[in-house]
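What you are looking at is a predicted structure, and each value in this text was computed from that prediction instead of being measured. Numbers restart at 1 for each chain; the letters A, B, ... are given by sequence-line order, proteins then strands.
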Amino acid sequence: MAAFIELRRDADDILSQLEHLAKEAERAREDENKASLKIQSVWRGHRVRSYIRLLNRYATVIQAFWRVFKAKRIYRQKLKEHVIHTRLKYYDDNATKIQKVWRGYYVRKYISDYYSRKKYFNVLEQKNEQVRLELHEYREYLDQKGLELRRMKNIQKLEEEAKRTHYLMSTKTCSGVYNSKFLHAPKEMEIILRNIKYDIPKLRQRKEQQTDVPPKLLPPLNPKPQGPFRTADEVRYQRYRPLKPSLRCESDYYSVEKMREELKLQEWTERVHDETFKSSINREKPYQRLMAGTDVFSEQKLCFRGATDRQRWTTEKDFRTLVHGIPEFDKFQTTYVQPHYYF
Amino acid sequence: MSQRHTLQVFEQYQKSRLTFVQAVADLATRPQNIETLQNAGVMALLRPLLLDVVPSVQQTAALALGRLANFSDHLAESVVRGDILPQLVYSLAEQNRFYKKAAAFVLRAVAKHSPQLAQSVIDCGALDALVVCLEEFDPSVKEAATWALGYIARHNAELSQHVVDAGGVPLLVLCLQEPEIALKRVAASALSDIAKHSPELAQTVVDAGAIAHLAQMILNPDAQLKRQVFSALSQIAKHSVDLAEMVVEAEIFPAAFACLNDPDEYVKKNCATLIREIVKHTPELAQMIVNAGGVAAIVDYVGSTRGNVRLPGIMMLGYTAAHTESLAMAVIVSKGINQLSIALNEETEDHILAATAWALGQIGRHTPEHAKAVAVANVLPKLLQLYMKTNMSEDLQTKAKKSLKNILQKCVYLPVLEPLLHEASPNILKHVVAQFSKVLPHDPKARRLFVTSGGLKKIQEIKAEEGSPLAESINTINSCFPEEVVKYYSPGYADELLDRVEQHNYKA
């Protein structure tokens, strides 16, 4: 209890002390509060800042990664595009090369080829020159021939003239009209007159005296028929000239039959073996040989037998076709020309 | 004695008959006697003499009759009306060759005049008799019969068909192979007459193997034979491509060009006609002729001939050029344009000028190169002149216009177009101006020349309707030049300048 009383006695003191202490404490607490506040704030600030810094660093890392990732994506995209582009360009270039070659080929082959066209026209020009030259030569040849012909005709005419005017030739004593003494040389006609070979004049043949014997037909009128007909000797030639028929007429009327016969004989001689042909269809029925046919050597006889048989029943003559021949050939040298035109 | 007397009477009668007939035949050769003979009743007198016992009287009577019938169709009709033909046809099969010849002559003389007369000859059954005559040995009979057949076939397709049906063609081809030139000549002419009507008839002639024999004769020295041969070949070739190819396959070609130089005009003409007929069908055939040097030959031919003979050559060049541009170029390369322009200046007849204008148009219508080649030969002014002349035929004018148009639409060679600007009529002018409007926007040098040569001034003077192609071309040309240049060359510009001088205010 003492303690208590002691305490009670000192209560005021204590109280003042307490109050003082409280005040002290209060003061100290305020200071401490302020100090701790400061410490806290500094700490918290530090912590938050370092956290933020940490976060920032993280963010930077993330951003860096993200950016790298994004950049890589874009890069890839770009690369891809570039590759596609370069490939496309490469293919296009090559396609152009192919197209170029093909188009060149196609156009030159099917549409128009400038150089071959040029070459063609050059060749054509040469050909034209050649043709022109040839034609020119031909024309000159023709001209020359015509000239020659005219010259010959002229000479012939002059010669005819000279033959008719032989009396104009000059003699030793008397000079002719073409050899005038006033000329220093005789004219061309004079030379022709001198050089020409004169025909011997034909003696006119006397007509044969008509006999009193009357002819069978009416008397002939005139050996030369009036009108634009050929001369007697031409006609005579025509009459006796060798027969020159065309191929159609030249061949024998029976040539086909003859040939057939010949072929048959030839076939018979040239046959390789004599075994008969056995048909596969009628195998059961073997070919029945005739008695005569079984002997190898009498085969020929068999042929003749058929022939004699035929002779017995038919005529010698062959059948003729209904197409008639050319009647003029039958008349040749018999009724072709009436004989009283010629003698 | 008495026998002789009796015979003498007969002889005298025979002699006088003969002298009468011969006299009539002689008189019938002169045209002035014909009417008198007719009035004297010569027909009635000759008819019984055709049945005379003496062959020479018969022949001469037939000859006289033939000459009379040959003279006019009126007389030929009277021969038909006098029922003389059946008698002749009957004796054609019976009598000797001299008579046959004379009878064939009468038939020919009758058939020559008109299709009706030829038909009446056929109605008498003359064709079969004539065809039988073709199998005769004597060449002169064959000749006469061939001639008659040719004259019958000449008129129209129907009559030719009759000749073909009578089996005449193979025998005519046989006649071609005979050695006589005259017979060959007539046979070729008859084949030509048959082939000319229709492709079918030409085909029958070809089927008979005529081409090979005709082709052999193209270098024969006889001019008249060559004429007929070329005419026959061209008549065959003209119908279709197939027939033309058959003719070409006979390998006549480099050889036939020689005949373009023949002294005979008709040989030349027929040869050129043949080439023309072949060329006109297809580009291939034309190419073949060109490659063989035919164009050069034809160009020389066009240069060496005048008038109607020239015409087939000109047409051949036109046909060749019409096919393709390379063929047209071949004509240019062969110097065809020079000859054509010479022909255009030399010739006076309308149809030849028309053909020449057409040919030039065909050459120039392909590319600018062709058009330039044509234009440089100075043919455009001449064509224009032909088109503008009023006394020319309509055909010539249309041809000239068409050619001008074709050439102008391709021509980009301005120096030749300049003169046309001053001379051409409006419907040609529009093409000329259109060509300028195509070239000037792309060619500065040409623009300069265009101004200095006065072309621009002329353009400004043209009055064109708004919206017409001509006005559009003029606008295109004007837009190629600076505005003041255009204004300077406009017609009213001097007055406008003077007005401006008046209105100008002096400013001190």
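In this structure, chain A has no heavy atom under 4.5 Å from any part of B:Ala102. For A:Leu135, the parts lying near chain B are the backbone and the side chain together; criterion is any non-hydrogen pair under 4.5 Å. With a threshold of 4.5 angstrom between heavy atoms, B:Ala258 approaches chain A through its backbone and through its side chain.
To the nearest 0.5 Å, atom OG of residue B:Ser334 and atom CZ of residue A:Phe121 are 9.0 Å apart. In this structure, B:Asp300 CG and A:Arg132 CZ are separated by 4.5 Å, a value rounded to the nearest 0.5 Å. Distance check: B:Leu260 CG to A:Arg139 CZ gives 9.5 Å after rounding to the nearest 0.5 Å. Taken to the nearest 0.5 Å, the CE atom of B:Met329 stands 11.5 Å off from the NZ atom of A:Lys118.
Here the closest heavy-atom approach between residue B:Ala292 and residue A:Val131 is recorded as O-CG2, 3.8 Å. B:Gly293 and A:Asn128 get closest at one heavy-atom pair: CA-OD1, 3.8 Å.
Atom OH of A:Tyr138 is surrounded by more than 12 heavy atoms from other residues, nucleotides or ligands within 6.0 Å. Counting heavy-atom neighbours within 6.0 Å of A:Glu234 CD, excluding the residue itself, gives a total above 12. At most 12 heavy atoms of other shown residues, nucleotides or ligands fall within 6.0 angstrom of atom CZ in A:Arg103. Other residues, nucleotides and ligands contribute only 12 or fewer heavy atoms inside 6.0 Å of the OH atom of A:Tyr91. Residue-environment remark: CZ (B:Phe20) exceeds the threshold of 12 foreign heavy atoms within 6.0 Å.
Between the side chains of B:Asn291 and A:Tyr120, at least one donor N or O sits under 3.5 Å from an acceptor N or O.
Of the listed residues B:Leu174, B:Val290, B:Val21, B:Val295, the one with more heavy-atom pairs under 4.5 angstrom with chain A than any other is B:Val290. Across A:Gln130, A:Arg117, A:Glu134, the residue that shares the most heavy-atom pairs under 4.5 angstrom with chain B is A:Arg117. Ranked by non-hydrogen atom pairs under 4.5 Å with chain B, the options A:Glu129, A:His136, A:Lys127 are led by A:Lys127.
Among residues 140-158 of chain A, the residues having any heavy atom closer than 4.5 Å to a heavy atom of chain B are, in sequence order, A:Leu142.
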